[in-house]
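As the structure is a prediction and not an experimental result, all values here were calculated from the model. Proteins come first, then strands; the chains are lettered A, B, ... in the order of their sequence lines, and each starts at number 1.
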Number of protein chains: 2
Amino acid sequence: MMTLADIAALAEVSESTASRALRDNPVVNIETRLKVQQIAQQYQFNVNPTARSLRTQKSYTIAVIILFDAKSQQAISDPFLLEILGVIADELTHKGYDMLLSTSKTKDKDWKTYYIDAKRADGLIIIGQGEHDQRIEQLSHSKVPFVVWGASSGHDSFTVVGSQNRSGAEAAVSHLVAQGCKHIAFLGDYRHNEIEQRYLGYQDALQKAGLVLDPAYELITDFTAQDGYVKTQQQLFPLLPKLDGIFAASDAIALGAMKALQEHGVQVPQQLAIAGFDDIAMSAYCSPALTTVKQDTINGGKLLVSKLLQQMDGEQAESELLPVRLLTRQSSARG
Amino acid sequence: MMTLADIAALAEVSESTASRALRDNPVVNIETRLKVQQIAQQYQFNVNPTARSLRTQKSYTIAVIILFDAKSQQAISDPFLLEILGVIADELTHKGYDMLLSTSKTKDKDWKTYYIDAKRADGLIIIGQGEHDQRIEQLSHSKVPFVVWGASSGHDSFTVVGSQNRSGAEAAVSHLVAQGCKHIAFLGDYRHNEIEQRYLGYQDALQKAGLVLDPAYELITDFTAQDGYVKTQQQLFPLLPKLDGIFAASDAIALGAMKALQEHGVQVPQQLAIAGFDDIAMSAYCSPALTTVKQDTINGGKLLVSKLLQQMDGEQAESELLPVRLLTRQSSARG
DNA sequence: GGAACTTTTGCAATCGTTTGCAATATCATT
DNA sequence: AATGATATTGCAAACGATTGCAAAAGTTCC
């Protein structure tokens, strides 16, 4: 392995000059600069990032922390997460940063100590805000650069990027109403930040339509198809005579519910219309295809990265919620 | 931030002794050791990993590289990948390693140079072998510690961990045969290592059953539900009078195919039975539920990590293929 | 030709550890 | 009390870069 000293020797300059030349520091003579760069190229030399980190106190690495749902421990299995993770990875690579991935179980290292103080990372991206996490709140009191994917409270003490969950949900439910649904159930766990917003959007739509909000129609449901299936059987079947619509907080839940209904002989969408949220890959390929709300993962990932880098440059970064898109498919097509 | 020097001063020993004490080196007096450790604890001191890396030339980091399918660029969206990624993350954390994640587009940095030579990582885990990748072959000629998830050729020049794709596929197809299917199509792209094995298993089963192998029944299909849908419409519909079974190389493909068939009025499983591969989350919750083959992601992830660490300890690590499990559900339940 | 700048360069310190080797302390033996 | 082991410690040199500051070289101007 070559070191900077070797390159310097070959170029017949000091290490300092070689170092500056490689960083294209204009203080060194242009010819010298080119010569050093040429030699570095020729010998395929790259500066040792560890040594560089030690000296500059920067790691050129970002830690991405995926929060697990406390009990169910799923989360990384959520296809939506994967998409955005891929985008983030690309963006970071593109900006010259490495990405350290951590799937955080509940009890866990102290992020600031482990990543920032130890110089393992220069900033943090946290995904899956879940139930209000006091670790995030705590981070915001330090000067650690970090961004969170999730729901914005409107006056967060930190930078949040997420989807317009509330208006997206409202659009979906209004669509169900427009299809003639009058008794629409909500499936999801509103103790989860983002789901809470979807729940509020659900209420918004019902209110605008002048429909009653019946607590019996609100089922706390985990993120899984399995729970959508079970809760539907247990708590929705009795309501079936009147029930004519379901808005599920995620596609997985919606598909689980749909399965239960179909087994029970309910016609979807004729007898009951369904809409979900996320547009997972399968949504278009189940029968009937699922009406859903699609999040903008691409811009989401890009924004997370750019806002984080902004913070690392000492600037302020505002929270931002991205528009979503309602995809109407057969599961809600009545009449 | 405290440094080792501070701790040493507090404990009234030299830095060398403090360093050894923290690493529990028996050469230092037990009392001194405890004293230093106690002080370090008290002040929440952690050694700076960058400095340590620089000195020891080890990073305590493993790079996980996810290979993208050249054209379709999906891969990280594959739910199966996410599962195993989660397991790997946990295992590495547990062993005290950090995980650098890279989603590799085709043209890309040279892994050895970027990760190993630059000391960004001590070893590599490569997922998604895909079409035969000469970069992997090339790696095996260096002394870089690495493991690959995928298909074993039986005499690889590197360590592979994967599923028993061939026998798994054979089991699935034999099951279809046992259900009375006589004309079974294969959907998948056998230019992909693992799929090739599934394809061979498909052939094994047909041969054992004394059925003919008809090339017209073999459809090169991408990994997506979409392509399963399209290829089925285009190329399977004409064969429908005789066709009575489909083995898809992935659940996504199977679900796409099933959708096309249902729209076309084909009864599944009565008229045509379907089996897939992977057991993605949706497979149990579509209608009819999909018969499939489940891979052992947990042991897969654990093995990848342990075999990699073995190599890093200078030992040899054999390739290993894990047993899979056939899950029979309604999509193949005939009579 | 020398003063006063402006460019370019290199010296040497620094980032925070680890570790080979030598030095010192401790202890048993004769 | 001197000798030889053995158990503990610390010195100082790495590891491979970056950077403040001063020195050297090159210009300009009178």
Among [options], find the nucleotide with the atom closest to the side chain of [X].
{"X": "A:Ser16", "options": "D:dA17, D:dG16, C:dA12", "result": "C:dA12"}
{"X": "A:Arg20", "options": "D:dA17, C:dG10, D:dT18", "result": "C:dG10"}
{"X": "A:Ser14", "options": "C:dG10, C:dT17, D:dG16", "result": "C:dG10"}

In this structure, how many angstroms lie between the [atom2] atom of [N] and the [atom1] atom of [X], rounded?
{"X": "A:Asn48", "N": "D:dA14", "atom1": "CG", "atom2": "P", "answer": "17 Å"}
{"X": "B:Ile7", "N": "C:dT18", "atom1": "CD1", "atom2": "C1'", "answer": "16 Å"}
{"X": "B:Tyr60", "N": "C:dG16", "atom1": "OH", "atom2": "P", "answer": "20 Å"}
{"X": "A:Leu54", "N": "D:dG16", "atom1": "CG", "atom2": "P", "answer": "12 Å"}
{"X": "B:Glu12", "N": "D:dT9", "atom1": "CD", "atom2": "C1'", "answer": "14 Å"}
{"X": "A:Arg33", "N": "C:dG10", "atom1": "CZ", "atom2": "C1'", "answer": "17 Å"}
{"X": "B:Asn29", "N": "D:dG10", "atom1": "CG", "atom2": "P", "answer": "11 Å"}

Would you mind classifying the nucleic acid contact of [X] as base, sugar-phosphate or nothing, using non-hydrogen atoms under 4.0 angstrom?
{"X": "A:Thr50", "answer": "nothing"}
{"X": "B:Thr56", "answer": "sugar-phosphate"}
{"X": "B:Glu15", "answer": "base"}

Is the Lys NZ or Arg CZ of A:Arg120 less than 6.0 Å from the centre of B:Tyr60's six-membered ring, within 45° of the axis? no

On DNA chain D, check which nucleotide each of A:Thr17 and B:Thr32 is closest to and give me the residue with the more 5' one.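 Checking each residue's closest nucleotide, the 5'-ward one belongs to B:Thr32.
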
Do [X] and [Y] have side-chain heavy atoms sitting under 4.5 Å apart?
{"X": "A:Thr159", "Y": "A:Phe146", "answer": "no"}
{"X": "A:Lys119", "Y": "A:Lys58", "answer": "no"}
{"X": "A:Ser163", "Y": "A:Trp149", "answer": "yes"}

Does [X] have a side-chain nitrogen or oxygen under 4.0 Å from the phosphate oxygens OP1 or OP2 of [N]?
{"X": "B:Thr3", "N": "C:dG16", "value": "no"}
{"X": "B:Arg23", "N": "C:dT18", "value": "yes"}
{"X": "B:Gln57", "N": "D:dG16", "value": "yes"}

Hey, does the side-chain of A:Arg55 have a donor or acceptor N/O within less than 3.5 Å of a partner on the base of C:dG16?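 There is none.
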
Residue pair B:Gln44 / A:Thr113, side-chain donor-acceptor N/O under 3.5 Å: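 Side chains of B:Gln44 and A:Thr113: no pair found under 3.5 Å.
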
